[in-house]
Structures are given as structure tokens and as C-alpha cells.
Amino acid sequence: MFGLVDCNNFYVSCERVFQPRLDGQPVVVLSNNDGCIISRSTEAKALGLQMGDPYFQVKPVLEQHQVTVLSSNYALYGDMSRRVMWYLSQVTPEVEIYSIDEAFLDLHGMERFFVQSLDTFARTLRANVLARTGIPTCVGVAPTKTLAKLANRLAKKSPAMGGVCYLDTDERRRWALEQVAVEDIWGIGRQYATKLYSMGITTAADLAGCSEALARKHLGGVVGARLVRELQGFPCQGLAPSEDGTLSRRTLCCSRTFGKPLSDFPDLLGAISAFASRAAEKLRRQGDAAHYMTVFLSKSRYGMEPPPYSCSVVLTLPVATNDTLELLRYARVALKRLWQADSRYTKAGVVLDGLEPAGQTQLTLFEAGPVSEKRIRLMAELDALNRRFGNGTVRLATSMLGRGEQRAPWEGQAQWRTPAYTTRLEDLLLVG
DNA sequence: TCTGGGGTCCTAGGACCC
DNA sequence: TCTGGGGTCCTAGGACCC
């Protein structure tokens, strides 16, 4: 059996932990730059607000219903996520952190420890996560990951289930499949949903009754075949446990839409440098070095300008590295190749790829020397300071602001940002 | 004026090799 | 004049996820 724990309206829930007066109120959290809605409280959903709605479009609705609007605060969400995941890893042997607010649990053999079945286990787990972190969750338990996702959805949709849905029998599985529309299945997006509807397949039960050949033909080959098997109750995906409670990625990206379009080289260099530094930190945090660096610049796709909206340069690094200064040097080279004086860029980013564990590169005599011990120590100290005092406390000169500037030219609005209650000393909540 | 920022996996096709 | 049948590696692009 697999369990799926999913935090309800995660970003809004994180904010509510520190502002209980928001309980029961309509609340939304906006993306970077206060661009679109990325988290909604149940009350906000009831007003018809959708995920991804641009803020400027729904502003009248927000004002009319006095919705609390918050800018996103990733330092807070990341920290709350770590607390939830840490607790889960204490009570189940294997946890796969699937995203900032979701985790799969391996529950094979766990029935033995819970006389009253995994249903009781799930309910206890849910209550404990809430008690220890303040974050409400829903739990789905089923024989496959895809069914656990589906169960979780049902638990979330019908309050009568008390936040837990356990698909332990074939009969319950069949019932569950009938409740869910095909577009709400994990792995069925807009394209596939349209295709399936045109074939008369509208529910999860319909899809579970399809042949493997049909799934293979219309749903992306083996992926589709696996999906159908999983709906039928045959596991095709195992659990990929997250070591030491963190998520390691195969590629890393740091990118932002700017607060306003930028054209000047120094402004863009400042942005790219900041992104490269940040990406380097992520890289060191997961103990890797990168072989490839992609730098991209994008223009607005909403204006008059024709495509292409984005251009990029990929650099193959002579030696895989995670050294900030070295990566900054390459980022500058890439940017020089890309930048065109008369363009108005609205977004940029740095992608690190071809990751391998740091420090395993073999060097021959005539290749560039390895990064010195000194530099490795410097990076470690940089990371330690930033971890201790908050991201961006210590930065390298190229990614710094000009004198007297509050914000870098590329940084956007975050009008309604709440404090970093849990990760910055000066933002600690004072009680008394 | 204002439209997020991350990721994953798979497939097809071309270059190249024996 | 004949013009196989495998492999591998890489890239671009599509679909999906939160």
C-alpha cells in the first residue's frame, strides 16, 4: 500500500499558522512579482478564483469580497515543508518527498502494526501533523501511487471522509474510479483529456477499462500503459525514497520574470549573476557539481512582438563545478553571446545540468587545475552564513546592488510579503 | 502598466559507429 | 553495381506535474 499525504492549500495554510485571524477568511497567495494566484483558501476557491489567475484581472473580485492578498514567502513555506516532511519520516520507514507540499509513504507491511487497519494510521498521522506543525493535510491510501493520488483527491473533495480515503478493497476502488473525471487523474493533462473525451472516455473508471494498446497509442507510449495498469490496481511505480529528508534534482534552475523589462547589459548581468549564485548554492546543498550551464533571456509573449520569445546558450564546462565564482564567469560569457542591445527582456534564468557528485572529477596534468581547497572552504562558509542568517545575507560583488538601492532593477513587486517568521532572526514572532 | 517558477519523463530523429 | 542491421549518444520537443 502507498500513502499520499498532501497539505491543504499549503501556502495559505503556512500563512495562517502565523496569522490565525486569517482562519475562515478568503485568502490568496500570489506568485513572484505578485503576478498570479498560486494558492487559495477554501473560501477563496468558493468565490470562483482559479489557480493561475492573473492578479490584475481578478483584482475587482478580490476587492469586492475583501480577500486577503499575500505575496509569496518561500523562505517560510520551505521551512514549514521541512517540518512536515521531517515528522512523516519519523513515523514511516520510507518517504518520497514529491513536492513542497506532498509526500508518498511506503506502507507495505504496516497493517500489522495497526490492528484497526491503515485507516486508523492515516487518521492519527493527519492529526499529529496538524498538532505539530499547524498544517492541515489529506491522506489517500491505495495499492498504487496513481490510486493513492485519486484517493487523496476524494478525501479532499468530500469533508465527510474526514480527510482520509482508504481504498482497501476492489469494491471501494471501483467506486472511487467512478467518482473521478478523466481530466482529474494524475498524469492526464489538457491535451490527453480532450483526446479521451473525443473517444467517449470521461471517467477514471472508463480509462481503467481501456486496453493497454489504446493507452500506449494515445497517452504517450509506456507512460499511458503504466497509468492504466495503476488505475487497475497493479503497481508500476515504486517509491523513490528521499535520502536525508531532502530532494535531490537532476537539473537545477533559477529564473525570474523581472519587475519591468530590462535592456541594459549591466542590469541583465546583475540578474544573471544573482541567479547563477543561487543555482550554485542549490547545487552545493545537494552535493553536486554541474557539467552544463544554460543561460536564457525571454521577451514578453503578451505584447505585439512575434516569436521567438526566448533565446538561450548552452555552455559545456571543461570540468564539472559548483564554485560560485567560476559559474559566474561562465554566466557572463553566455550572456555576452545572447544579449542584443535593442531588445526588451522580461525574464531570464540559469539552468544547471549534467549533475554529478562533487569532487569526483579526474584531472589530467594539462587540464585546468581543480578548484583550490581554499575556494571550497570559502563556498562552504558562504553557504553557512546564508543558511544561518537568511538567503542573500552574503553575496558576491557582481550580484550586489548599486549604492543606496533598495532593490535590484530586475526585482519585482512583493507588496504583501509576510515576514520570514521561522528563518530570519529579526522576523521571529514576538509573543507577550 | 500588470500574466510564476520550478521540475519530470518519454519519444523521435539524426549522427555516428561497427 | 551493390546500398544491412544492429547499436549508442545526443538533442529538441511534447506532455505532464506541483
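Here the structure is a predicted model, which means the values were calculated and not measured. Worth knowing before you read on, the calculation uses all heavy atoms, side chains too, and leaves out hydrogens, waters and symmetry mates.
Place A/Arg216 and A/Asn33 on DNA chain B by their nearest nucleotides, and A/Asn33 ends up nearer the 5' end. If you find the closest nucleotide of DNA chain B to A/Phe56 and to A/Ser255, the one lying nearer the 5' end belongs to A/Phe56.
For A/Tyr98, counting side-chain heavy atoms from C-beta on, the closest listed nucleotide (B/dC9, B/dG5, C/dC17) is C/dC17. Comparing B/dC9, B/dT3, B/dG4 by their nearest atom to the side chain of A/Arg250 picks out B/dC9. For A/Arg249, the listed nucleotide lying nearest its side chain is B/dG7; candidates were B/dT3, B/dG7, B/dG5. With distances taken from any side-chain atom of A/Val223 to the nucleotides B/dG6, B/dG4, B/dC10, the minimum falls on B/dC10. For A/Asp101, taking side-chain heavy atoms from C-beta onward, the closest of the listed nucleotides B/dG7, B/dC9, C/dC18 is C/dC18. Among the nucleotides C/dC16, B/dG4, B/dC10, the one closest to the side chain of A/Cys36 is B/dG4. Side-chain atoms of A/Ile38 lie closest to B/dG4 of the nucleotides C/dC16, B/dG4, B/dT3. Distance from the side chain of A/Glu102 is smallest to C/dC18 among C/dC18, B/dG4, B/dG6. Here the side chain of A/Trp186 is nearest to one of B/dC10, C/dC16, C/dC18, namely C/dC18.
Residues A/Asp206 and A/Thr202 have side chains that bring a donor and an acceptor to within less than 3.5 angstrom of each other.
Among the heavy atoms of the strands lying under 4.0 Å from A/Leu252 are primed sugar atoms or P, OP1, OP2 only; no base atom is included. Backbone-only engagement by A/Lys347 is indicated by non-hydrogen atom pairs under 4.0 Å involving sugar-phosphate atoms exclusively. Within 4.0 Å (heavy atoms only), A/Ile188 reaches sugar-phosphate atoms of the nucleic acid but no base atom.
Note: CZ (A/Arg256) to P (B/dT3) measures 15 Å, nearest angstrom. Rounded to whole angstrom, the span from the CG atom of A/Leu219 across to the P atom of B/dC9 amounts to 19 Å.
In this model, the phosphate group of B/dT8 is approached by a side-chain N or O of A/Thr251 to a distance below 4.0 Å at OP1 or OP2. Regarding contacts with the backbone of B/dC9, every side-chain N or O of A/Arg226 stays at 4.0 angstrom or more from both OP1 and OP2.
When the C1' atom is used for both B/dG4 and C/dC17, the distance is 15 Å, rounded to whole Å.
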